[in-house]
Amino acid sequence: MANNQRYAQVIVDVPTMQVNHPFDYIIPSQWANFVTPGMRVQVPFGVREVLGFVVEVSDESNIDRELKSISAVLDDEPVLTSEMLQLGKELATQLFTFQILCFQTMIPNLLKVDYTKVFVPLPTISWEHQQQFFSSQKEVSWDAANQNQQLATLMQLKSAGEVAVEYRLKDKKKIKKAYWIQPLLDYEELQEVESQLRPQATKQQDLVAVLMDLDGENISAKQLKASFNLSMQTIRSGERKGWLTVFEKEEKRDPYADLVTETVEPKTLFPEQQQAFNRILPDIHTHRHEVFLLQGVTGSGKTEVYLQLIQAARDLDKTALLLVPEIGLTPQMVNQLKGRFGNDVAVLHSQLTAGERFDEWRKLKHGEAHIAVGARSSIFAPLDNLGIIIIDEEHETTYKQNNAPRYHAREVAKWRGNYHQCPVVLGSATPSLETRARAQNGVYERLTLTKRTNHHELPDVQIVDMREEFKHKNYYQFSRKLRDAITETLARHEQVALMLNRRGYANYIQCMDCGHVFQCPNCDVSLTRHNEDKTLKCHYCGHTEALPQFCPECRGHHLQSFGTGTEKVEQEIMELFPEANVVRMDNDTTRRKGSHQKILNKVANHEADILLGTQMIAKGLDFPNITLVGIINADTSLYLPNFRASEQTFQLITQMSGRAGRGDLPGQVFVQTFNPEHYALQFAKAHDYEKFYAYEMRYRKLNHYSPYVFTIRLTVSHFDEKTGLRTAFKIRRLLQEADVPQTRILGPSQSAIARINNQYYFQVLYHYRNRHAIQPILETIKNKAQEWDRDHIHVMMDVEPMSFM
DNA sequence: AGCACGCCGACT
DNA sequence: GTCGGCGTGCTC
C-alpha cells in the first residue's frame, strides 16, 4: 500500500452499542490534506451511506481487511473542535450513551442530515421499464414509489439487476443569501441618465435619485425596497440599463435586530458584590479553574457581578459563556447583555428558528461574537479561549436533559472550565443541595450576597391553612386572606401574580351515579378537563376527546369535576374580581411563538391586573408593580414521588416570593396549603435557605439520598406488563451479582405513572458511591439492553436523574 | 438502525 | 419443489 495513504477514523450515525466506536476509512487523495477531525463526512456503511464525524486522521490503519473510502465531505471546516470530540467521547462513557448522540447534540439542527433512498436505472434496463418509470425523470424516490404502489415492482427490477438503490443524504444547512446592489455610474453619468428619462418613468427616476444619493456605496435590495418603495423589477431594469449590478451576499439572520437597547454602563458594585468579583477575577487572569457558588438572595445583584466578570474576560480578549434556565422567559437578561455588549453577544434558545440558531452559532464559531448566552444546550457553544463560564439559577432542573444524552449542563460546564482552565460560577438564591454541600466541603468556593441592592426587606410570606377555609365552608380556591389582599392590592392599582401548578380546568371528572372516572385509553392517568376547547386531554400522551355529555358506563348525566387547574381559577377570578383584567400564562396559552412576550407586555403595560400562570411565571419576571404574589396550592409539588420534592418546593416558593415587591413598593406573599407545618414551607416563609439546607441534609443522610450517594435510574418499558417487570428483575439480579461494595439496589417498582402510551414502566434505582466501581456492571447491562431491544424491551439509563416519573 | 443471510411453513 | 416469514449478526 502506498505509504502516503491517509485514513480517517469516523463515528457513524448509527446509534447502537455495537458501532459506538470509530470506523476506519480511506481518505481519497484529492481530500488527503483537507479532511480534518471534527468534519462531517458521508461514508458507505454496509450497503448504505451514512453521515459520520471524523474524530481522527492518521497515516495508518490497524484494520485487517479492505477499507472503503469516504464518499463525500460535507464541511469546508470542522464543525466540532477537538475539545468537543474529546468531550463527546467522555460524555458517552459517563452517561452510558452513544458518541454519535453526543456529537449531534453539540451542533445546530441544521447540520443534521436527511436520508433518502432512490431507484436509478442500470444500463441493463429494458426499454419498456425505462419508459414506464424513468421516461420523465432520472430517478424515482423510495417514498414516491411507496406511495404509487410501485415499490414491489421496482424491488423486483432490483433483483433482476435492472435498477439499483442509491442512498443519498442531504445537508439541511441553508446559508441565507440576500440581494445587494452595486451602483456602476458616477454622479455625472447619473445626471446624464436622469435628464434623458421620460417624465412618466417615475420609478426609474426614484431609482436614479437613490443611486445618486448612495455616492457609490452598496445597498441591500431589501433596504432599497423598504425605504424607497422600489420593486425588484425596477432594480432589474436598472441592471439591464447598466446603472448597477445585482449580486448575492451571504447574510446572517439576526433575531434581535429589532431589539432596542440602551447602552448600559457598568454599575458601581456594592461591597459584597465587589468582594465576590475580586475573588473570582484573578482566576480569569491566571488561567485557574475553580468552581464558585455565588449564593445571593433575590435582588442582591448577581447579574451585575456576571456582567462585570464577562467584561473582565473580554478585556483579556477571552470569551464568555452564560447559561440561563430558559431565555425566552428572561428577556431582561438578554436586554442587559445586549445593552452592555451589543453585537458581541450571540443568543441561543429554543424559540429561535433553526436558521436563526444556526447563524447565532456561526457567529460564535467564526469569532464574530464572543459572548454566548442561552439555555441548556448552549453549554456546547463553539467558543475558544473561554475566560469564564457562568450558570445562573444553577439549581434549575431544566439544566438536566431528560432524553438521551441525559447530560447535566452544570457538569459539562465544569468539564469545559477545566479544559480551558477558567473559573465556573454557579449562581443561585437557593442552590441545589449538591452544590451547596460541595461548597461546604471546600470543593467549590462559596461567595455570598446577603443584601438586596434596593435595600428593601424580603417580602412578608404568610402561610394559609386551607383546612380552615374548608371548615368555614369556603370552597373557592382563594382563602379569605388572599381574597382580601387581592382586593386591597387592586384598589391600590398594583398588580397580582398567582401561581398554580396545574393547567386545564379540572384535574379529573367522575360520574356521580356510578363512580366512573374518565381515563386515558393509553396511559394510567385520568383525563384533564379543558373548558376552553371543550375537551378532555391526557397531559402525558396528548390524547384528546370531546367533553362528554353523559357517562359511557351508566348513561348518567351527573358528571362532576374535581381538582383545580389554571382555567378554573381564571374563571373564579372573573367571578370574584369582575373588574380585574386577568391574563393566563401556561402551556396552553404560550404555545405560539411570541405569545410569551405578548402576555408579559400586557403585564408590563398594566393592561392586566392579575397574572395567573403555572410555574413558568416564577422565573425571572421583574415587574416593579407586582406587589402581591399568591401560590394557590403549594402541595402539588410537595408530594411528588421524588426525594427532591421538598427542595423543589422550597425553591419554587422562594423564587415566586422574589416576584413580589421588586420596585419601591413592599411585597407580600400568600402560600396556600393543606400542610402548613411542612418544613419546606416554614423555612421558605422565614427566607432561611441555610436552615432549610441543614434540615434537608439530615433527611437526605438518613435516607441515603443525594448528595450523600449517587444515583442511577434504570427504567424498563414494554407493552406487556409482565415482560417489563421480568426484565426489571433481571437487571436487579445483574446488579446484585456484581456485588459492588457501597451500593444499594431499590426496586424494581412500578413508575409513578405505570403506563404511558401503552408502555408499562418499571424502574430500578442503583445508589453508589464510587463512579469507577460501577462502570463495568452498567456497561454489561447496557450491552444486554441492546439484545433486549430486539424484543422491543427498552431500557433507559439515567445518571443522577432529576425526575422519577 | 437497516439490511442481508439463512432456516422453517403454506402455496403455484 | 419455491415464496416469504422474521430470528441473527454485521457494518471500516
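We name chains A, B, ... by the order of the sequence lines, and we start the count at 1 in each one.
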(Q) Please determine whether salt bridge (Lys or Arg N to Asp or Glu O under 4.0 Å) holds for the pair A/Lys176 and A/Asp359, giving the CA-CA distance in whole Å, both sets of side-chain angles, and the decisive distance to 0.1 Å. (A) CA-CA 9 Å; A/Lys176 196 175 170 185; A/Asp359 285 353; over 6 Å; no
Consider the side chain of [X], meaning its heavy atoms from C-beta on, and name the nucleotide among [options] that approaches it most closely.
X	options	answer
A/Val47	B/dG2, B/dA4, C/dC12	B/dA4
A/Leu67	B/dC3, B/dA1, C/dC12	C/dC12
A/Val19	B/dA1, B/dA4, C/dT11	C/dT11
A/Ile63	B/dA1, C/dC12, C/dT8	C/dC12
A/Arg48	B/dA1, C/dT8, C/dC12	B/dA1
A/Lys68	B/dA4, C/dC12, B/dA1	C/dC12
A/His21	C/dC12, B/dA1, C/dT11	C/dC12

Taking only N and O in the side chain of [X], is any of them less than 4.0 Å away from OP1 or OP2 of [N]?
X	N	value
A/Lys117	B/dC3	yes
A/Arg65	C/dT11	yes
A/Tyr167	B/dG2	no

Name the nucleic acid region contacted by [X], choosing base, sugar-phosphate or nothing; use a 4.0 angstrom heavy-atom cut-off, strictly under.
X	value
A/Phe98	nothing
A/Val14	base
A/Pro22	nothing
A/Asp791	nothing
A/Phe45	base

From [atom1] of [X] over to [atom2] of [N], roughly how many Å is that when rounded to an integer?
X	N	atom1	atom2	answer
A/Glu66	C/dC10	CD	P	20 Å
A/Met155	C/dG4	CE	P	12 Å
A/Ile100	C/dT11	CD1	P	18 Å
A/Arg790	C/dC10	CZ	C1'	12 Å
A/Gln786	C/dT11	CD	P	15 Å
A/Asp789	C/dG9	CG	P	16 Å
A/Gln9	C/dC12	CD	P	14 Å
A/Ile26	C/dC12	CD1	C1'	9 Å

Q: Check whether any side-chain N or O of A/Gln99 sits under 3.5 Å from a backbone N or O of A/Ile11 as a donor-acceptor pair, and report yes or no.
A: no
Q) Cation-pi between A/Arg733 and A/Phe729: NZ/CZ under 6.0 Å from ring centre and within 45° of the ring axis? A) no
Q) Which of parallel (below 30°), tilted (30 to 60°) and perpendicular (above 60°) describes A/His129 and A/Phe133? A) tilted
Q. Would you call the rings of A/Phe23 and A/Phe45 parallel, tilted or perpendicular if under 30° counts as parallel and over 60° as perpendicular?
A. perpendicular
Q: State, with a plain yes or no, whether a side-chain heavy atom of A/Phe358 is found less than 4.5 Å away from one of A/Asn109.
A: no
